[in-house]
Amino acid sequence: MAVQLSAFPIEYERNPLKQIVTTGEKFEAMIRWLKSRKRIVVDYETSGIAWFQHATYCGIGLAGWDEQGRIWNAYVPVRHRTGSPQLSSELIAPAIKDLLGDPTIEKVGHNIKFEDHFSRKEGWRIVGPRYDTMVAARLYDDNAPLKLEKRAELDLGIKAAMAWNTTLNVEVAKLARANGMKIEDYKWRYGYSEVDPVLCGIYCCTDTDHCAKLRDHYEQWGVSRYYSRIWPTEMRLTEVLCDMEQNGMPIDVPYLQGVREQVRAAKESLEVRIHQLMGGYRFNVGSDDELRSTLYHVMGLRWEKRTKGNQLAVDREVLEGFSAVSEVCRLILEWRDAEKIDSTYTTSILELLDSRNLLHSNFQSVGASTGRTSCKSPNFQNMSNDDEARALAATGKKLKAGGRDPWSIRRAFCGRGQNWVRVLCDFSQIELRVLAYYSRDPIMVDAYITGEDLHDRTAKEVGALLGHECERRVAKITNFGISYGLSEKGLAAQAKISEADASIFMRAFFQRYAGITAFRQELCAKARREGNQWSSLFGRTRRIPDLASDVFWKRKRAERQMIGSAIQGTAAELTKESLVRIADWLVAEKIPALLVNTVHDEIQIDTPRECLTQVVKNCKRLMEAFPEFHPIPIIAESSVSFQTWADKVPYKEESANGQPI
DNA sequence: GCGACAAGCTTG
DNA sequence: GTACGAGCTTGTCGCT
């Protein structure tokens with residue numbers, strides 16, 4: 001029996017299924033009822049998204065299903081800075097802790113990792129089975145946006161699902177203005193904590209209602225049954241990624257500040273020299289429009305390359321082309337390097353640190369339509385690599401010979417402490433192995449079974465067919481490019497060879513690797529037969545309607561996307577399952593190591609030095625245990641960072657208890 | 001003053 | 001129109 005709470009205390013939402021709980025009696029009745037449910041929805045409203053800084057929850061939304069399948073939603077405001085009666089967080093804490101910690105009740109949430117972070121901050125945990133409707137939404141339709149309200153509109157047909165969100169954001173905009181702050185800054189600092197709890201409550205109840213209905217909708221379709229292999233992994237992964245974000249990445253702040261000062265000084269002196277060389281003609285180096293008019297009109301340079309919008313391009317390729325005749329262009333390239341590091345890799349990282357100088361990113365297991373994990377605020381997956389030219393210029397040595405990039409960003413990613421080391425385990429050529437498995441191409445399979453270097457083998461095979469030596473370098477670019485649907489032009493551009501040579505090489509490549517050619521064709525043919533979709537070995541489905549497009553280039557693009565998704569997506573599955581296996585192993589064996597990062601085909605773990613050998617050995621074992629790829633062996637290799645990310649060295653048994661290298 | 005978009009850059 | 005998948009930043013433009 002559903003407990004009868006009083007009606008919503010405002011005129012326009014007199015709905016007993018959406019209520020605001022502001023008395024102890026109501027709260028207790030609500031908890032009693034929720035404790036008797038099979039599953040509940042959880043959704044916090046907070047004072048910002050920065051759980052690792054000041055943000056805490058300011059109210060909790062909860063929902064449950066009654067015996068008729070109706071959904072009862074309630075919002076419990078506790079820390080709104082304005083607004084009449086609220087319950088105290090101390091008062092409700094024990095009951096919430098007990099409810100969320102009940103292993104028999106399924107917890108439903110849209111991006112439940114967020115609820116997990118704020119729960120942990122209060123000292124309680126989300127225990128028991130989980131259902132993340134955001135993950136389900138991605139699996140149900142991989143082409144639609146993930147936002148809760150959007151999916152309520154698209155998948156449930158609820159009109160104006162965004163309405164309360166809009167109302168709330170209008171309110172936030174007003175508050176921001178009243179505080180003299182930019183909306184973005186205001187939201188970061190205060191979130192919804194200053195919004196009237198009634199308005200926030202209506203919004204929250206609408207969200208929990210949508211979330212519950214989406215769960216019903218997706219399960220009626222059968223998401224968790226249809227995706228029986230990846231679903232349990234994805235649900236456990238929401239917890240593992242939360243652990244990873246909580247663990248954070250230690251940052252060497254003085255070093256990073258030093259880099260920032262250097263690049264800012266470099267930017268300033270470059271600007272001065274650029275304007276001098278221009279004879280006092282001043283323009284904003286960071287503005288592509290001004291740069292374009294400077295290069296093509298003031299300086300009278302000529303280049304045919306255009307942007308997508310048919311404007312004259314001013315990108316790196318063009319500027320490099322001009323560098324031979326124009327010192328200014330060479331300096332602008334240097335300025336862009338410094339600007340990128342300043343804005344993207346120093347300032348923003350320093351702003352995202354917690355009080356212990358730990359950097360906490362935000363991983364999304366369903367961020368990409370291919371099934372890959374994405375990462376933001378900051379993005380650990382595009383931290384720039386150390387620059388060979390800068391290292392050579394600054395230290396006179398190459399990186400491998402002990403040279404150091406003075407602007408290295410990876411060097412700011414330091415160790416966790418005296419006794420800690422970081423292990424980096426990566427899959428060896430995982431995408432090519434996946435391709436070998438799917439295509440069963442005899443040459444590829446043979447190369448992997450015998451352990452021969454694939455790029456050498458490719459150069460040899462293509463060379464034999466053409467009757468002359470082929471470069472390993474070109475072979476390597478071609479091998480990796482296959483997953484992306486490499487074109488002859490693309491190969492020519494990247495390998496810096498003529499288009500004619502690229503064309504000859506690729507023709508020979510596809511003739512020799514007939515299995516790959518056939519696989520690509522059969523993959524797209526099968527996808528078309530099955531309604532423009534294709535399911536991987538792990539069952540993840542990619543839907544690309546454009547496979548049936550009448551427009552040639554759209555169809556071709558769709559084919560490249562399908563091939564890319566098949567290979568990347570399958571490879572991503574190995575990383576995800578490995579993350580879960582490693583997390584489970586650490587718990588089972590009580591190893592005090594911490595997962596800290598994953599970059600597509602790599603997993604990073606901080607471990608006390610005395611556990612290093614054990615961690616490396618077992619990560620390798622767990623990552624390589626994919627017998628379904630037989631006869632293709634899956635191989636994981638390990639590196640170790642004794643100092644920083646920039647100093648990683650291949651793992652060797654004898655280095656395990658050794659000194660910093 | 002905000003949101004959307006374009007262009008450019010960084011990764012696997 | 002010439003590569004697949006991402007995220008972040010600055011500058012520009014139209015709208016309120």
Side-chain angles (χ1 to χ4, degrees), chain A residues 142 169-170 172-173 176-177 180-187 283-292 305-319 332-333 335-349 352 361-364 366-387 409-410 426-427 429-431 477-478 480-494 499 502 506 542 544 551-569 571-572 575 598-602:
Chain A
D142 47 320
N169 279 311
V170 166
V172 167
R177 248 196 313 280
M181 293 171 78
K182 286 184 182 169
I183 289 181
E184 205 183 324
D185 297 341
Y186 178 88
K187 268 194 160 176
F283 66 100
N284 181 351
V285 185
S287 162
D288 295 341
D289 276 2
E290 290 186 33
L291 178 59
R292 185 173 297 115
K305 187 174 176 184
R306 298 262 169 178
T307 67
K308 206 168 54 179
N310 203 30
Q311 286 193 293
L312 288 161
V314 290
D315 63 7
R316 172 184 298 273
E317 187 194 331
V318 175
L319 262 49
I332 290 170
L333 284 168
W335 183 90
R336 279 190 180 166
D337 264 10
E339 163 65 14
K340 183 80 179 170
I341 290 171
D342 181 14
S343 64
T344 307
Y345 296 120
T346 59
T347 307
S348 51
I349 286 179
L352 287 168
S361 187
N362 182 354
F363 292 95
Q364 269 198 300
V366 291
S369 47
T370 52
R372 267 189 175 182
T373 303
S374 71
C375 175
K376 61 182 180 180
S377 320
N379 184 352
F380 286 157
Q381 297 173 332
N382 70 355
M383 287 301 155
S384 51
N385 285 313
D386 286 11
D387 188 272
I409 295 308
R410 296 195 178 210
D426 72 299
F427 286 110
Q429 297 186 348
I430 187 61
E431 293 187 355
I477 292 169
T478 310
F480 281 121
I482 293 307
S483 335
Y484 306 150
L486 185 76
S487 68
E488 290 165 3
K489 265 195 174 170
L491 176 60
Q494 211 184 313
E499 275 181 43
M506 282 190 75
R542 178 78 162 108
I544 305 182
V551 185
F552 177 75
W553 69 265
K554 281 191 184 177
R555 206 164 58 240
K556 285 292 161 200
R557 185 184 62 188
E559 287 174 2
R560 288 196 301 269
Q561 284 174 332
M562 190 50 100
I563 293 159
S565 289
I567 311 260
Q568 281 178 24
T575 304
T598 173
V599 189
H600 303 311
D601 61 352
E602 176 176 300

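A note on names: the letters A, B, ... follow the listed sequences, proteins ahead of strands, and every chain is numbered from 1.
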So what does [X] touch, heavy atoms closer than 4.0 Å: a base, only the sugar-phosphate, or nothing?
{"X": "A/E339", "result": "sugar-phosphate"}
{"X": "A/F427", "result": "nothing"}
{"X": "A/K376", "result": "sugar-phosphate"}
{"X": "A/Y345", "result": "sugar-phosphate"}
{"X": "A/K556", "result": "nothing"}
{"X": "A/L491", "result": "nothing"}

Tell me whether the side-chain N/O atoms of [X] come closer than 4.0 Å to OP1 or OP2 in [N].
{"X": "A/Q381", "N": "C/dG7", "result": "no"}
{"X": "A/S565", "N": "C/dG5", "result": "no"}
{"X": "A/S287", "N": "C/dT12", "result": "yes"}
{"X": "A/S369", "N": "C/dC4", "result": "no"}
{"X": "A/T344", "N": "C/dT9", "result": "no"}
{"X": "A/N169", "N": "B/dC2", "result": "no"}
{"X": "A/T307", "N": "B/dG8", "result": "no"}
{"X": "A/N385", "N": "B/dT10", "result": "no"}
{"X": "A/R316", "N": "B/dT10", "result": "yes"}

With a 3.5 Å cut-off and no angle check, do the side chains of A/D601 and A/T575 form a donor-acceptor pair?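 Distance-only check fails for A/D601 and A/T575.
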Let me know the distance between [atom1] of [X] and [atom2] of [N], rounded to the nearest Å.
{"X": "A/R177", "N": "C/dT16", "atom1": "CZ", "atom2": "C1'", "value": "10 Å"}
{"X": "A/N284", "N": "C/dG11", "atom1": "CG", "atom2": "P", "value": "5 Å"}
{"X": "A/E290", "N": "B/dA7", "atom1": "CD", "atom2": "P", "value": "17 Å"}
{"X": "A/R292", "N": "B/dA6", "atom1": "CZ", "atom2": "P", "value": "13 Å"}
{"X": "A/F380", "N": "C/dG5", "atom1": "CZ", "atom2": "P", "value": "25 Å"}
{"X": "A/K308", "N": "C/dT2", "atom1": "NZ", "atom2": "C1'", "value": "13 Å"}
{"X": "A/R336", "N": "C/dC8", "atom1": "CZ", "atom2": "C1'", "value": "16 Å"}
{"X": "A/L333", "N": "B/dC9", "atom1": "CG", "atom2": "P", "value": "8 Å"}

Interatomic distance, [X] atom [atom1] to [Y] atom [atom2] [nearest 0.5 angstrom]:
{"X": "A/D315", "Y": "A/T307", "atom1": "CG", "atom2": "OG1", "result": "9.5 Å"}
{"X": "A/S348", "Y": "A/N379", "atom1": "OG", "atom2": "CG", "result": "10.5 Å"}
{"X": "A/E499", "Y": "A/E488", "atom1": "CD", "atom2": "CD", "result": "8.0 Å"}

Can you tell me which nucleotide in [options] comes closest to the side chain of [X]?
{"X": "A/Q568", "options": "C/dC4, B/dT10, C/dA6", "value": "C/dC4"}
{"X": "A/N379", "options": "C/dG7, C/dT12, B/dC9", "value": "C/dG7"}
{"X": "A/A368", "options": "C/dG5, C/dC4, C/dT2", "value": "C/dG5"}
{"X": "A/D315", "options": "B/dC9, C/dC4, B/dT11", "value": "B/dC9"}
{"X": "A/V314", "options": "B/dG8, C/dG7, C/dC4", "value": "B/dG8"}
{"X": "A/R560", "options": "C/dC4, B/dG8, C/dG5", "value": "C/dC4"}
{"X": "A/K340", "options": "B/dT11, B/dA7, B/dT10", "value": "B/dT10"}
{"X": "A/R542", "options": "C/dG5, B/dC2, C/dT9", "value": "C/dG5"}
{"X": "A/V599", "options": "B/dG8, B/dG12, C/dT9", "value": "B/dG12"}
{"X": "A/S343", "options": "C/dC4, C/dT9, C/dA6", "value": "C/dT9"}

Carboxylate-amine/guanidinium proximity below 4.0 Å for A/R336 and A/D288: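 Looking at A/D288 together with A/R336, the answer is yes, because their closest N to O distance falls below 4.0 Å.
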Answer yes when A/D337 and A/R316 have at least one side-chain N-carboxylate O distance shorter than 4.0 Å, and no when they do not.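 Looking at A/R316 together with A/D337, the answer is yes, because their closest N to O distance falls below 4.0 Å.
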Regarding B/dG12, can its base be found pairing with the side chain of A/R372 as donor and acceptor, where the two atoms are less than 3.5 Å apart?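 Indeed there is one.
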Does NZ in A/K305 sit with more than 12 non-hydrogen atoms of other residues, nucleotides or ligands closer than 6.0 Å?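 Yes, enclosed.
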Distance between the [atom1] atoms of [N] and [M], in whole angstroms?
{"N": "B/dC5", "M": "C/dT2", "atom1": "C1'", "value": "23 Å"}
{"N": "C/dC4", "M": "B/dA4", "atom1": "P", "value": "25 Å"}
{"N": "B/dG3", "M": "C/dG5", "atom1": "P", "value": "28 Å"}

Counter-base of C/dT16, judged by Watson-Crick or G-U geometry with both distances under 3.5 Å: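 Base-paired to nothing in any strand shown.
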Checking A/T347 side chain against A/S343 main chain: does a donor-acceptor pair fall under 3.5 Å?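 No; zero donor-acceptor contacts below 3.5 Å.
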